[in-house]
Engineer: 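After the structure tokens below, expect a handful of questions from me.
Note that the coordinates shown come from a computational prediction; the quantities given were computed from them, not determined experimentally.
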Amino acid sequence: MPVRVTPTLTSADQLIGMTADGYRYELVAGELRMMSPAGGRHGRIAVRVAHLLMQHVDARKLGVVYAAETGFLIDTSPDTVLAPDVAYISTARHATIEDETAYPALAPDLAVEVLSPNDRFSRVESKAFQWLDAGTKLVLLVDPETQTIHRYASRKQIEVYQLGETLDCSPAVPDWTLTVDDVFQ
């Protein structure tokens, strides 16, 4: 008779307590997923988006912007911890976070994912849907290869923006518009 092996599930507490080994991890339904460190272009574009977002958010005192590798606990039993390249949480929602030394137990208002050359679009799009299902109001998928930004307001409301176009990020980030050219300069 074959022996059935039940995989060991990892919790968010175990993930945050792991010893650093040079890799990044996310946790999907209790399963650890290793992520390679980002390349130069990926990091440059992610910080560019974060900079543009932070300028807008800070000037209007709208909330908090998080850098890459900040994990968000978006589901439990089993735990799911995802880490976008850039995230934003409004002031009111940020005030509900009980322990910021742990993974915030909420989905950000805005999550930004930058595709790396080795990413499959379908895998990153699946992550966008996870964000939306957890309550994120808007997800932006930034594709450096095509110099496009995919705007996900819901599973059915998906728009693609290219150079020369500007996208509206309201209501996730009040009054913030993002010009595709500014991201890829």
Engineer: Which of these, Asp143, Val142, Val180, sits in a side chain to side chain contact (heavy atoms under 4.5 Å, CB included) with Thr148?
Structural biologist: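 Passing option: Asp143.
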Engineer: Looking at CG of Leu106 and OG1 of Thr96, how far apart are the two atoms once the value is rounded to the nearest 0.5 Å?
Structural biologist: 5.0 Å
Engineer: Among Thr166, Thr177, Leu52, which residue meets the side chain to side chain contact (heavy atoms under 4.5 Å, CB included) test with Asp182?
Structural biologist: Leu52
Engineer: Do Leu32 and Met18 have side chains that approach each other closer than 4.5 Å (heavy atoms only, starting at C-beta)?
Structural biologist: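 In short, these two side chains touch, coming nearer than 4.5 Å.
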Engineer: Ignoring hydrogens, what is the shortest heavy-atom contact between Leu163 and Phe184? Give both atom names and the distance.
Structural biologist: CD2-CD1, 4.3 Å
Engineer: Given side chains that start at C-beta, do those of Thr10 and Tyr25 come closer than 4.5 Å, heavy atoms only?
Structural biologist: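 The answer is no; the side chains never approach within 4.5 Å.
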Engineer: Is Leu141 reachable from Leu110 through a run of I, L, V, M, F, W or Y residues, each pair having side-chain heavy atoms under 4.5 Å apart?
Structural biologist: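 In one cluster with Leu110: Leu141, no.
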Engineer: What heavy-atom pair brings Tyr152 and Leu132 nearest, and what distance separates the two atoms?
Structural biologist: O-CD2, 3.7 Å
Engineer: Compare all side-chain heavy atoms of Tyr88 with those of Pro108 and state whether any distance is below 4.5 angstrom.
Structural biologist: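 No, every pair of side-chain atoms sits at 4.5 Å or beyond.
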Engineer: Please say yes or no: joined through hydrophobic side-chain contacts below 4.5 Å, possibly via intermediate residues, are Val65 and Leu62 part of one cluster?
Structural biologist: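 Linked within one cluster.
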Engineer: Can you measure from CD (Glu69) to CE (Met35) and round to the nearest 0.5 angstrom?
Structural biologist: 7.5 Å
Engineer: Of the non-hydrogen atoms in Val86 and Leu53, which two are nearest, and what is the gap between them?
Structural biologist: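 So the minimum-distance heavy-atom pair works out to CG1-CD2, 3.8 Å.
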Engineer: Is any side-chain heavy atom of Phe72 less than 4.5 Å from a side-chain heavy atom of Ile89?
Structural biologist: yes
Engineer: Can you measure from OG1 (Thr136) to CD1 (Ile74) and round to the nearest 0.5 angstrom?
Structural biologist: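 Between Thr136 OG1 and Ile74 CD1, I get 7.0 Å after rounding to 0.5 Å.
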Engineer: Report the distance from atom CD of Gln14 to atom CD1 of Ile16, rounding to the nearest 0.5 Å.
Structural biologist: 12.5 Å
Engineer: What distance do Lys61 atom NZ and Thr91 atom OG1 have between them, rounded to the nearest 0.5 Å?
Structural biologist: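 So the gap between those two atoms works out to 10.0 Å.
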Engineer: Nearest heavy-atom pair of Cys169 and Leu140: which atoms, and what distance?
Structural biologist: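 Heavy atoms only, the tightest pair is SG-CD1, 4.1 Å.
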Engineer: Evaluate the criterion side chain to side chain contact (heavy atoms under 4.5 Å, CB included) for residue pair Tyr161 and Leu178; output intermediate values, then yes/no.
Structural biologist: CA-CA 10 Å; Tyr161 293 82; Leu178 182 61; over 6 Å; no
Engineer: Run the salt-bridge test on Asp168 and Arg151 with the 4.0 Å N-O cut-off and return the result as yes or no.
Structural biologist: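 So Asp168 does not pair with Arg151 through a salt bridge.
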Engineer: So, the side chain of Ser90 versus the backbone of Gly63: is there a donor-acceptor pair under 3.5 Å, distance only?
Structural biologist: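 Not a single qualifying donor-acceptor pair exists.
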Engineer: In terms of hydrophobic clustering (I, L, V, M, F, W, Y; side-chain heavy atoms under 4.5 Å; direct or indirect links), are Trp131 and Phe121 co-clustered?
Structural biologist: yes
Engineer: Answer with yes or no whether the side chains of Thr179 and Asp181 bring together a donor and an acceptor at under 3.5 Å.
Structural biologist: no
Engineer: Could you check whether atom CZ of Arg155 has more than 12 heavy atoms from other residues, nucleotides or ligands sitting under 6.0 Å from it?
Structural biologist: yes
Engineer: Taking C-beta and beyond as the side chain, do Leu73 and Val81 meet within less than 4.5 Å on heavy atoms?
Structural biologist: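 Yes - at least one pair of side-chain heavy atoms lies under 4.5 Å apart.
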Engineer: Within the structure provided, determine whether Asp85 and Val49 are in side-chain contact (heavy-atom separation under 4.5 Å).
Structural biologist: no
Engineer: Could you grab the distance from atom CG of Leu167 to atom CD of Gln162, nearest 0.5 Å is fine?
Structural biologist: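 Spacing of CG (Leu167) from CD (Gln162) equals 12.0 Å.
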Engineer: Closer than 3.5 angstrom, by distance alone: can the side chain of Gln157 be matched with the main-chain N or O of Ser154 as a donor-acceptor pair?
Structural biologist: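 Looks like no, no N/O pair under 3.5 Å.
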Engineer: Just say parallel, tilted or perpendicular for the rings of His94 and Tyr66, cut-offs at 30° and 60°.
Structural biologist: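 Tilted: the ring planes of His94 and Tyr66 meet at 30° to 60°.
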Engineer: Give me the one residue out of Gln130, Lys127, Arg33 that meets side-chain hydrogen bond (donor to acceptor under 3.5 Å, both in side chains) with Glu26.
Structural biologist: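 So the option named by the test is Lys127.
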Engineer: Do any pairs count as a salt bridge (charged side-chain N to carboxylate O under 4.0 Å, His left out) and have a residue in residues 98-109, sequence neighbours left out, and if so which ones?
Structural biologist: Arg93-Asp109, Asp109-Lys137
Engineer: Does Val160 share a hydrophobic cluster with Val124, counting links as ILVMFWY side-chain heavy atoms below 4.5 Å and allowing steps through other members?
Structural biologist: no
Engineer: How about Tyr103 and Asp79: do any of their side-chain heavy atoms sit closer than 4.5 Å?
Structural biologist: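 They are not in side-chain contact.
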Engineer: List the atom of Arg41, the atom of Pro117, and the distance in Å for their closest heavy-atom pair.
Structural biologist: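 Closest pair (atom of Arg41, atom of Pro117, distance): NH2-CG, 3.8 Å.
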Engineer: Has the side chain of Arg44 got a donor or acceptor atom that lies under 3.5 Å from a matching backbone atom of Gly40?
Structural biologist: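 No, Arg44 side chain to Gly40 backbone: no donor-acceptor pair under 3.5 Å.
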Engineer: Are Val173 and Met54 connected into the same hydrophobic cluster when the rule is that any two of I, L, V, M, F, W, Y join if their side-chain heavy atoms are below 4.5 Å apart?
Structural biologist: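 Same cluster: Met54 reaches Val173 through Ile, Leu, Val, Met, Phe, Trp or Tyr contacts under 4.5 Å.
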Engineer: Side chain to side chain contact (heavy atoms under 4.5 Å, CB included) between Val28 and Leu82: does it pass, once the steps are laid out?
Structural biologist: CA-CA 8 Å; Val28 179; Leu82 298 181; 4.0 Å; yes
Engineer: Closest approach of Val114 and Pro144, non-hydrogen atoms and distance?
Structural biologist: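 Minimum heavy-atom contact is CG1-CG, 4.0 Å.
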Engineer: The test is side chain to side chain contact (heavy atoms under 4.5 Å, CB included); show your working for His56 and Asp175 and say whether it passes.
Structural biologist: CA-CA 9 Å; His56 179 81; Asp175 303 317; 4.2 Å; yes
